[in-house]
Amino acid sequence: LRIPRHVQIPNVARRSAGIAMHVLIIVATGGTGRELVKEALERGHDVTALVRQPEKLRITHERLRVVRGDVLNYDSVVDAMRGQGAVFCALGHKQWFRPTRILSDGTRNILRAMQSAGVKRFVGETSLGVGDSFGRLGLYYTLFTIPFILPFYFWDKGRQEAVIRASDLDWIIVRPAALTNFRARGQYRHGPKIGNYLWTDCISRADVADFMLNQLTDDTYLRKTPGVSW
C-alpha cells in the first residue's frame, strides 16, 4: 500500500470520541504511529508527535506539533511530555539482527518522564507472541520468524512489557496480530485470548490505532494486555 508523500488532515474533526485532550504520540513516523496521528487529529485531539526525523511524518494540521527527539535521550522526552494528558507509544526499530534494548530503555525513559510531568495514562503497542500470549501468532511466527529472524526484537519487547508492568501508571499494553497496511475495517476482535496457535491472524495498523485511541477513556483493559485482531 503506497503512502502519500504528504497528508493534509482536515481542520474539522470528522468524528467525536469524547473530550478532546493533549496527547503525545511516540515515534509517529512508524506505520502504527502515523495512523495514531491521523486518527487522533480526526477525533479532535491536540497532538504532539515525538520523532527522530520530522520530515518523514508528512502530515500537517493546526493541532499537530512535531517535536524532534529520541526516546533514548531522556531530556528530549521530558521536554515533549509537558502539558500532555496521555501518551501513546508505537515504539519500534529495524535493528533486528543484533542485541538491543531500544524498546525497553526507551520505554523506561518515557515512563520516567510521565512520572515527572504528572501524566498518568499510557497506551503502548507490543505484539502477540510476547509474554503470556506466546504462540498466538501461529506456527510460522512461533517456530520460524521469531526464533530465527526476530529473537532480539521479541526479547526486548518482553523486557519492554516488564518495564511497563512495573509502573504504577494507568497503563494498557496492546498486542496486535501481524500488522498490515490495509484500510481500517472498523470491526475487529480484542481481549485476552486473541490469536491462533496454528495460523497467523492479521490486523491493519489503522484498526490498531483506532483500538489504542479507544483506550484513552476506557478502563476495561486498565493494567491488562489485550490482543487485537481481525
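No experiment lies behind these values; they were computed from the predicted model shown.
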With no hydrogens and no angle check, is any side-chain donor or acceptor of [X] less than 3.5 Å from a backbone partner on [Y]?
X      : Y      : value
His45  : Val47  : no
Thr200 : Leu137 : yes
Arg43  : Asp210 : yes
Arg63  : Leu41  : yes
Asp207 : Ala184 : no
Ser133 : Val130 : yes

Determine whether the side chains of Gln160 and Asp105 contain a donor N or O and an acceptor N or O closer than 3.5 Å.
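Result is no, nothing qualifies.
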
Assess the side chains of Gln95 and Thr100: does a donor N or O sit below 3.5 Å from an acceptor N or O?
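There is no such pair (donor and acceptor under 3.5 Å, judged by atom type) between the side chains of Gln95 and Thr100.
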
So, using ring pair (Phe, Tyr, Trp, His ring centres under 6.0 Å) as the criterion, who are the partners of Tyr197 when residues are at least two apart?
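Once residues adjacent in sequence are excluded, Tyr197 has no partner under the ring pair (Phe, Tyr, Trp, His ring centres under 6.0 Å) criterion.
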
Beyond-backbone contact of Leu103 with His93, side-chain heavy atoms, under 4.5 angstrom
yes

Passing candidate, side-chain contact (heavy atoms from CB on, under 4.5 Å) with Arg121, options Leu169, Ile172, Val87
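Filter result, single survivor: Ile172.
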
Testing Ile25, Asn214, Leu213 for side-chain contact (heavy atoms from CB on, under 4.5 Å) with Glu39, which one passes?
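Of the listed residues Ile25, Asn214, Leu213, the side-chain contact (heavy atoms from CB on, under 4.5 Å) partner of Glu39 is Leu213.
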
Salt bridge (Lys or Arg N to Asp or Glu O under 4.0 Å): pairs with one or both residues in residues 187-206, sequence neighbours excluded
Arg189-Asp201

Looking at every non-hydrogen atom in both residues, tell me the closest pair between Ala49 and Leu64 and how far apart they are.
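Heavy atoms only, the tightest pair is CB-CD1, 4.1 Å.
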
